[in-house]
Amino acid sequence: MTGRDVGMVGLATVWVVWATGAEVVSIRAGVIENHVLDFAVGATYLLAGLIALRRRPSNRLGWLMVTVAFVWYIGNYGNTEVPAAVSMGAAFGGVSLSLVVWLFFAYPSGRLQTRAEQVYVAAFVTWQLVLGVVIALTFDPRATCAACVQGGLALFPSAVTVARMEGIDNVLAVALPFLGGMLFALKHRRASAVERRALLPLWIGGALLVASFAVDAFIGGDPGQGRAEYTLVQLENLARMAVPLCFIWALLRSNLDRGGVGDLIERLSGPIPTGGLRDAMSDVLRDPNLRLWLPVAGGWVDEAGASIPHRELTPGSGISRIDRAGRTLAVIRHDPAIDRRLIDAAGAATAMALDNARLHAELRTRLEEVRASRARIVEATDAERRRIERDLHDGAQQRLLAVSFRLRAAQRQTEAADSVRSDLAEAEDELRGAIEELRNLARGIHPVILTDEGLGPALDSLADRAPMPVRITSTLDGRLPPPIEAAAYFVVAEGLTNAARYAGTPVDVTVDVCGGRCVLRVRDNGPGGADRARGSGLRGLADRVEAVDGWLTIQSPSGAGTTLTAEFPCE
Amino acid sequence: MDDHAGFRRAARAALTDEGYDVVGEAATGAEALGTVVRLQPDVVLLDVQLPDVSGFQVAEQLVHPGRHVVLISSRPASEYRQRLTRTSAVGFISKEDLTGAAIEGVLNGRIK
């Protein structure tokens, strides 16, 4: 047993003596009251307060509830015939109600969250103290009742002051609960989903309390006299138990929730889809907005591998790390009201799955990086091809054309010998051949029509130059992203080159754009037998297609023609 | 109109030999517009690929009654399929085929 435990036992012992004494003197005074319920109210506060002090020592609710458990009985001692005790009961009997109001607003964090709540609670406590002290000092029953005996000390008896204080109290008895209700509604609106769930029983208790005040104010009179007032007192007692009962219930539920962690282990024993881990933790922690991030080299990602800006992970309320063996497995952003021990339990239960998810996420991130890198390489290659084509066109080709013109002019020189003219004509023919080859080379590197006019005209141009008939059927309308157009063009170009080389039969080209996908087919009726593994052209083509998130298949059974099929995303 | 000076010189010499009166040259689209307005030629040989603007765009601005714009390029006509069908120029000649006869052919509507 720790020192704190000993202190708590001592505190409980003192309370038992204090509370029992309060009930005994009340019975002796012959006041009609349900002493069992009265005792139970205080006991509930004490129990909840002690549990709170033990489980959550930093939370002020524990001390507040213990204080209520003691203050609750001050009024009972007012039922004695000792004037000082009567005055003390009158002066401080109302303080317990103030503390209950304080608890309502401080639940569950133990702190009053807004300035309005602080002002309201301070005003409530102050008024109850002022009212109690002034009544204790000025109320003398003998002023209006000749047969009465002096109750309290009544050092400054004044019936007028008592009447005024009661008048103000009657107004505040309506105004303060109304204001309190509004503030509590604001507290509820401000609360997170988890906090709202915790606040629900308080709404019931608060409603009961406000209702009892309202009926009390309406009936008036001396509480404890008559059946209606008696019922009212019991109603108030029950309502005042709402906070400690809520607290105990929250602890019970926390234990139940931790029991749910066992289900989590079972749930995560099978295959976990992407996002499944977050969903499972969200269910167990009852936080639909929970976010889960996993550490990977160079940053943080979600389960799908998408990068998360570092600023979202700034440590603070509602951000918790899940560690194992000194290594952070994950960070979750959650409702700040969730019990840290429940998070730890869920973290421990999911550690292995989190580690797996982290590895998967890292793998996905790496794959995404590779994919992006490959796409960048293809884009850079295309840009380079365009530059080379332009350089050939603007440079060498123009110079050769100029030479060709000069040769042609030289042939027209009448004074030149026939043999020279013949040589010049031959040179010009060779030059024209070179220009043609250079032009074909440039076009093969990157056709300008593809950049300028798009895939449709570029395919038509390919078909026109093909040595065999090419039939194009296309649903293409408008332009596609440049990398897709380039990949599609080179698929058809390669298909036609191969068909010309090995098949020599008519070729069907179909371009089908539908639902954000572009499907391309190049089919010949040649001998078939093409193998992507054996040809670097087809292998390179497949790489190019896959670099833009597409795929390429080759069906080329021997003797049954060849079909190249490529599919791309085209949005 | 062509941005390659060597080609302009060779073409001018070849066409002059064939009896044409080459009244001016320009290396850019902007220069071409000014030169044509100033010299009012009957025929403009306009390179498709100018450094500052597309020859197709310049052609639309140069078209005028009594003036014939002929597009030229070292690339084949098949590289400009759609744009050649939409242009206001009277025709297209591949640079390697550029001769007086080819120009006459285009002007006579034989090649378009």
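Chain naming here is simple, since letters A, B, ... match the order of the sequence lines and numbering starts at 1 in each.
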Legend entry - A/Arg408, CZ atom: more than 12 neighbouring heavy atoms under 6.0 Å: yes
Legend entry - Spatial distance of atom CD (B/Glu96) from atom CZ (A/Arg432) [nearest 0.5 Å]: 5.0 Å
Inset, instruction - Give, for atom OG1 of B/Thr99 and atom CZ of A/Phe405, the distance between the pair rounded to the nearest 0.5 Å. - result: 8.0 Å
Inset, instruction - Would you please test B/Arg83 and A/Glu453 for salt bridge (Lys or Arg N to Asp or Glu O under 4.0 Å) and show each step? - result: CA-CA 8 Å; B/Arg83 282 174 295 175; A/Glu453 298 188 11; 3.1 Å; yes
Inset, instruction - Say whether, by atom type as modelled, one donor and one acceptor occur between the side chain of A/Gln397 and the main chain of B/Ser74 under 3.5 angstrom. - result: yes
Legend entry - Residues, nucleotides or ligands: over 12 heavy atoms within 6.0 Å of A/Arg517 CZ: yes
Inset, instruction - List the atom of A/Ala402, the atom of B/Gly6, and the distance in Å for their closest heavy-atom pair. - result: CB-O, 3.8 Å
Inset, instruction - Would you mind checking which part of A/Ser404 comes under 4.5 Å of any heavy atom in chain B, side chain (CB onward), backbone (N, CA, C, O), both or neither? - result: neither
Legend entry - For the student: nearest non-hydrogen atoms of A/Ile449 and B/Ser78, plus distance: CD1-O, 3.3 Å
Legend entry - Which atoms of A/Arg399 approach chain B - backbone, side chain, both or neither, heavy atom under 4.5 Å: both
Legend entry - Contact winner vs chain A - B/Ala14, B/Pro76, B/Ala11, heavy-atom pairs under 4.5 Å: B/Pro76
Inset, instruction - Could you tell me which residues in residues 544-552 of chain A have at least one non-hydrogen atom under 4.5 Å from a non-hydrogen atom of chain B, sorted by residue number? - result: none
Legend entry - Taking every non-hydrogen atom, the tightest pair across A/Leu401 and B/Phe7: CB-CD1, 4.1 Å
